[in-house]
Each structure stands twice: as structure tokens, then as C-alpha cells.
Amino acid sequence: MSRLKALPWREAILNDRTHETGHGRREIRRMKICTVRPDLPFPHAAQAIQVKRRRTDRRTGKTTIATIYVVTSLPRGRITDAQLAAVIRGHWSVEALHHIREDASRVRTGTAPRIMAGLRNLAIGLARLIGWTNIAAATDHYRSHPADGLQLLGFTT
């Protein structure tokens, strides 16, 4: 990690910048790309990427800044900078889904965690099957309207 931080990020140009508003916050993401040096401990790496995320809570006004580093074997020019930023953002979505499925669970003993993960996978799959693209929104909806979920499963209330 320190070797990635030590790359010449100040001299690197800004390759992509996105603004997003939602969930009560405003987020700006900036992406810079450096060619990987041979001394990095990633044998197939072609590019190193720095993403700085500035997030402001619109209710409190509190701003947080996070910097992440990404290494990829994808050669420069294979996809556009905007596509690369979208791939990185998509990975964060996978991590958020993993958090919903497992990390946020309070079930910790016996086979219950595995069973709950299976049930969550089933619920996520069903939500996607009927057209939900935002799993958090689907979860909120069915938590507030459990009869809708029962009706989907063929149970009447």
C-alpha cells in the first residue's frame, strides 16, 4: 500500500471526475492513473489507480474524504477512463451487497449464518427478477409493506 501511495500522484492528470447526489449526501469522485513501476509487488499489474471520494452529508454538512488505490492488469487504452471508473464503482456495489448479505447480519452461531445468507440470496434474486435494481430500496419497501412480499410469494393476507 505504501508503494502505491508513493507513486507520483501529484503529477498525474485527472482522468475522471463524477458528481452524484442521493441518499442524503453529495459525492465527488476523482480518479488518477499511473503506469505501474516494476518494483510493485503485483506481478501482472499494468496500471495503478487512485480514487479520491469526497462525501458531504447534506443534513449535517459534515464532509469526509477517502482515498483508495486500485491495481489492474488491464493495459492502458483497452477501455476509456469513464468505463474504468464505472468498473471500480461497480465493485463498490458488490462490496455493499456483501455487507448487506453477511457483515450486517447478527446471526453468528451454528449453521444459521449460512442459512440466512442463502435466504438473503434468494430474496435478492427475487427482487432482481421482478425488476428491482436497487436492493436497498427493495428492502426498505418490503420492510414497510410486508403484505406486498407475501402477495408476491402467493400468500394472501
Side-chain angles (χ1 to χ4, degrees), residues 1-108 113 116-117 119-145 148-149:
M1 174 80 141
S2 62
R3 289 186 194 172
L4 289 173
K5 284 183 180 180
L7 289 172
W9 296 112
R10 288 186 189 270
E11 292 83 34
I13 64 166
L14 182 64
N15 297 90
D16 189 72
R17 181 183 173 120
T18 58
H19 298 260
E20 201 171 279
T21 304
H23 305 286
R25 62 183 176 247
R26 181 171 166 248
E27 192 169 282
I28 299 170
R29 284 181 298 281
R30 300 175 48 181
M31 181 181 78
K32 292 183 175 184
I33 301 172
C34 279
T35 303
V36 172
R37 294 179 179 162
D39 65 334
L40 287 178
F42 306 101
H44 301 289
Q47 300 179 82
I49 303 149
Q50 179 193 64
V51 178
K52 284 199 176 200
R53 183 178 62 214
R54 179 185 175 111
R55 183 180 287 171
T56 304
D57 186 310
R58 293 190 306 180
R59 286 180 288 115
T60 65
K62 181 182 176 188
T63 298
T64 57
I65 298 172
T67 304
I68 64 141
Y69 296 93
V70 177
V71 177
T72 180
S73 60
L74 194 64
R76 189 88 173 112
R78 179 73 56 92
I79 62 175
T80 67
D81 294 339
Q83 289 171 322
L84 184 57
V87 167
I88 293 167
R89 182 75 174 144
H91 177 73
W92 287 338
S93 297
V94 170
E95 290 297 322
L97 188 58
H98 172 79
H99 173 74
I100 290 168
R101 282 186 57 242
E102 296 172 16
D103 297 340
S105 177
R106 294 185 183 137
V107 178
R108 300 274 185 239
M116 289 303 295
L119 291 172
R120 282 189 197 92
N121 284 341
L122 176 63
I124 290 166
L126 288 172
R128 292 203 191 283
L129 189 64
I130 61 171
W132 286 94
T133 56
N134 183 328
I135 299 305
T139 301
D140 289 344
H141 173 81
Y142 291 110
R143 184 182 301 120
S144 300
H145 305 93
D148 291 356

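More than 12 heavy atoms of other residues, nucleotides or ligands lie within 6.0 Å of NE2 in H19, so this atom counts as buried by the packing criterion.
Salt bridge annotation for D81-K32: absent, with no cationic side-chain nitrogen under 4.0 angstrom from a carboxylate oxygen.
Rounding to the nearest 0.5 Å places CG of L14 at 7.5 Å from CG of D16. Note: I79 CD1 to T72 OG1 = 7.5 Å, rounded to the nearest 0.5 Å. Between the CZ atom in R55 and the CD1 atom in I65 there is a gap of 12.5 Å [rounded to 0.5 Å]. Rounding to the nearest 0.5 Å places CG of N121 at 11.0 Å from CE of M116. Taken to the nearest 0.5 Å, the OG1 atom of T64 stands 9.0 Å off from the CG atom of D57. Separation of atoms OG1 (T21) and CD1 (I28) is listed at 9.0 Å; rounding is to 0.5 Å.
Two residues are said to be in side-chain contact when any heavy atoms from C-beta on lie closer than 4.5 Å; I49 and M31 meet this criterion. Here the side chains of I130 and L126 are not in contact, with every heavy-atom distance at 4.5 Å or above. No side-chain heavy atom of K52 sits under 4.5 Å from any side-chain heavy atom of R54. Looking at Q47 and V70, their side chains never come closer than 4.5 Å, going by heavy atoms from C-beta outward.
Below 30°, between 30° and 60°, or above 60°: for W132 and Y142 the angle between ring planes is above 60°, a perpendicular geometry.
Taking each heavy atom of R58 and R26 in turn, the nearest pair found is CG-N, 4.2 Å. Taking both residues in full, the closest heavy atoms of I33 and N15 are given as N-OD1, 2.9 Å, listed atom of the first, atom of the second, then distance. Of all heavy-atom pairs spanning H141 and D148, the tightest one is NE2-OD2, 2.9 Å. Contact detail for W9 and L4: the closest heavy-atom pair is NE1-O, 2.7 Å. The heavy-atom pair separating A46 from S73 by the smallest distance is CB-O, 3.7 Å.
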Inset, instruction - Could you go through the side-chain contact (heavy atoms from CB on, under 4.5 Å) check for L84 and R78 one step at a time? - result: CA-CA 9 Å; L84 184 57; R78 179 73 56 92; over 6 Å; no

